[in-house]
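Below, each value reflects all heavy atoms present in this structure, side chains not excepted, and no hydrogens, waters or symmetry copies. Note that the coordinates shown come from a computational prediction; the quantities given were computed from them, not determined experimentally.
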Amino acid sequence: MKGLAFDVLGTVGHFRRPDTTATQLTYPFITPTAAKGLVGAILGIEDFVTTDRVGIELLRPVRTVAQQMSMLGKDPGSTFNRPTTIELLVNPGYRIYYTGEEYTEQLLDFLTGERAVYTTYLGTAYALTKPILYRVYPEVSYPVAEGKEIEMRTVVPTALIREIVLKADRYYCRAGGYLYEYKGQRTFEKSVDFLYEKDGKPIAFIPKSDDLDSPLDLRVAQFGEDLVCLV
């Protein structure tokens with residue numbers, strides 16, 4: 001199966017947590033559903049539902065800032081300015097790994113031609129970005145980890161980890177409550193938690209055995225010389 005990777009960089013980003021109201025907090029990095037939504041925007045598919053998989057690598061350190069903005073509120077028959085505190089990601093950058101039988105070839109064609117049907121952005125319309133093709137992988141395989149230590153640069157779902165191999169120069173963080181699967185018509189199913197390194201450094205861990213039951217279909221894949229966690 002073929003795979004590819006593309007980069008998205010920006011000056012700001014905001015991937016709003018659905019459980020925040022008055023203060024709009026952001027996830028610390030792009031969500032898997034938003035990454036697939038970027039692909040849908042590139043291809044021009046409005047309600048993009050796919051079984052293709054993505055992996056997310058942090059290209060820049062995770063930094064956030066709180067900013068008060070005047071948002072447009074609405075009442076029946078009138079509008080008003082509503083001061084709102086928003087948490088923004090500062091200078092975000094991600095490498096999105098993509099593979100699957102449905103849209104990989106079509107996505108490669110669009111990225112090679114530097115084309116996109118709809119405007120691409122990092123979670124909100126004022127956080128514009130341009131996807132740049134990084135690399136094409138002729139073959140993506142799924143190796144058997146066999147309970148041995150592995151290391152990867154992508155964020156790692158906690159459900160895959162049996163034991164973390166701690167390194168002295170790493171700043172480990174956990175991010176929870178990511179929506180797992182988009183079902184269409186603005187509906188989602190299940191959630192997934194991630195372990196990530198704040199500066200994007202590799203994470204070493206011993207994975208769980210493949211035969212353990214899990215409600216989530218998570219995979220470790222080989223993209224060239226790199227191991228990638230796919231959602």
So, Y172 side chain and K167 main chain: donor-acceptor pair closer than 3.5 Å or not?
-> yes
For Y171, look at atom OH and say whether over 12 heavy atoms of other residues, nucleotides or ligands are found less than 6.0 Å away.
-> no
Inter-residue atom distance M1.CE - S141.OG, 0.5 Å rounding = 11.0 Å
Measure the OH-CD distance between Y180 and E189 for me, rounded to the nearest 0.5 Å.
-> 9.0 Å
Taking it one step at a time, do C173 and V62 satisfy side-chain contact (heavy atoms from CB on, under 4.5 Å)?
-> CA-CA 10 Å; C173 303; V62 175; over 6 Å; no
I45, Y182: one ILVMFWY side-chain cluster at the under-4.5 Å cut-off?
-> no
For Q185, look at atom CD and say whether over 12 heavy atoms of other residues, nucleotides or ligands are found less than 6.0 Å away.
-> no
Co-membership, hydrophobic cluster, residues V192 and M152, 4.5 Å side-chain | yes
Can a donor-acceptor pair be found between the side chains of E57 and Y94 at a distance below 3.5 Å?
-> no
Do I96 and I30 pass the side-chain contact (heavy atoms from CB on, under 4.5 Å) test, and can you show the C-alpha distance, the side-chain angles, and the key distance before you say yes or no?
-> CA-CA 10 Å; I96 309 299; I30 187 172; 4.2 Å; yes
Kindly say whether A34 contributes a backbone atom to a donor-acceptor pair with the side chain of T31 at under 3.5 angstrom?
-> yes
Under 3.5 Å, which donor-acceptor pairs do the side chains of residues 7-15 form with other protein atoms, sequence neighbours left out?
residue, atom, partner, partner atom, Å
D7, OD1, R95, NE, 2.7
D7, OD2, R95, NH2, 3.0
H14, ND1, E87, O, 2.7

Report yes if the side chains of L58 and Y196 come closer than 4.5 Å at any heavy-atom pair, otherwise no.
-> yes
Examine distances only and state if a side-chain atom of E181 and a backbone atom of K183 form a donor-acceptor pair shorter than 3.5 Å.
-> no
Is there side-chain contact between P143 and L227, with heavy atoms separated by less than 4.5 Å?
-> yes
Minimum-distance pair of heavy atoms, taken over all atoms of G55 and V228 | CA-CG1, 4.0 Å
Verify the distance criterion only: is there a donor paired with an acceptor across the side chains of T50 and E102 at less than 3.5 Å?
-> yes
Considering all heavy atoms of both residues, which atom of L133 and which atom of T112 are nearest to each other, and what is their separation?
-> CD2-OG1, 3.9 Å
At what distance, to the nearest 0.5 angstrom, does OG of S191 lie from CG of L179?
-> 7.5 Å
Short side-chain to backbone donor-acceptor contact, T104 and E101, under 3.5 Å | no
side-chain contact (heavy atoms from CB on, under 4.5 Å) between V117 and I42: does it pass, once the steps are laid out?
-> CA-CA 5 Å; V117 176; I42 294 170; over 6 Å; no
Heavy-atom check, side chain of V90 versus side chain of R60, under 4.5 Å = no
Value rounded to 0.5 Å, distance of NZ in K190 from CG in L216 | 6.0 Å
With rounding to the nearest 0.5 Å, note down the distance linking CG in D199 to CG in L59.
-> 12.5 Å
Going by heavy atoms in the side chains, are L88 and T64 under 4.5 Å from each other?
-> no
Flag yes if L195 and I56 sit in one hydrophobic cluster, no otherwise; membership is Ile, Leu, Val, Met, Phe, Trp, Tyr, and two members link when side-chain heavy atoms are under 4.5 Å apart.
-> yes
What is the minimum heavy-atom distance between L89 and P28, and which atoms define it?
-> CD2-O, 3.4 Å
Establish whether L160 and Y97 are linked, either directly or via other cluster members, by ILVMFWY side-chain heavy-atom contacts under 4.5 Å.
-> no
Under a 4.5 Å cut-off applied to non-hydrogen side-chain atoms, are Y178 and F29 in contact?
-> yes
Taking the side chain as every heavy atom from C-beta outward, state whether K148 and I206 have any atom pair closer than 4.5 Å.
-> no
For the residue pair L218 and A159, what are the closest heavy atoms and their distance?
-> CD1-CB, 3.8 Å
Under the side chain to side chain donor-acceptor pair (under 3.5 Å) test, residues paired with R170 that sit two or more places apart = none
Where at least one partner belongs to residues 115-133, residue pairs that pass salt bridge (charged side-chain N to carboxylate O under 4.0 Å, His left out), sequence neighbours excluded = D109-R115, E114-K130
Spatial distance of atom CZ (R17) from atom CG (L25) [nearest 0.5 Å] | 7.5 Å
Indicate yes or no: at least one non-hydrogen side-chain atom of F6 is less than 4.5 angstrom from one of L107.
-> yes
Dump the intermediate steps for side-chain contact (heavy atoms from CB on, under 4.5 Å) on I203 and E151, then the final yes or no.
-> CA-CA 5 Å; I203 296 174; E151 185 174 81; over 6 Å; no
V220 side chain reached by L230 side chain, heavy atoms, under 4.5 Å = no
According to the ring pair (Phe, Tyr, Trp, His ring centres under 6.0 Å) rule, which pairs have a member within residues 117-137, sequence neighbours left out?
-> Y137-F223
Kindly state each residue pair satisfying salt bridge (charged side-chain N to carboxylate O under 4.0 Å, His left out) with at least one member in residues 20-46, sequence neighbours excluded.
-> none
Relative to each other, are the rings of F48 and Y103 parallel, tilted or perpendicular (30° and 60° limits)?
-> tilted
Where do K2 and E105 land on the salt bridge (charged side-chain N to carboxylate O under 4.0 Å, His left out) test, with the steps shown first?
-> CA-CA 8 Å; K2 180 181 287 188; E105 290 289 352; 3.2 Å; yes
How would you list, by chain and number, every residue that makes a salt bridge (charged side-chain N to carboxylate O under 4.0 Å, His left out) with R153, sequence neighbours excluded?
-> none
Closest heavy-atom pair and its distance - G177, Y27 | O-OH, 2.7 Å
Which heavy-atom pair separates I161 from F205 by the least distance, and what is that distance?
-> CG1-CD1, 3.9 Å
Within 6.0 Å of CZ in R63, more than 12 heavy atoms from elsewhere = no
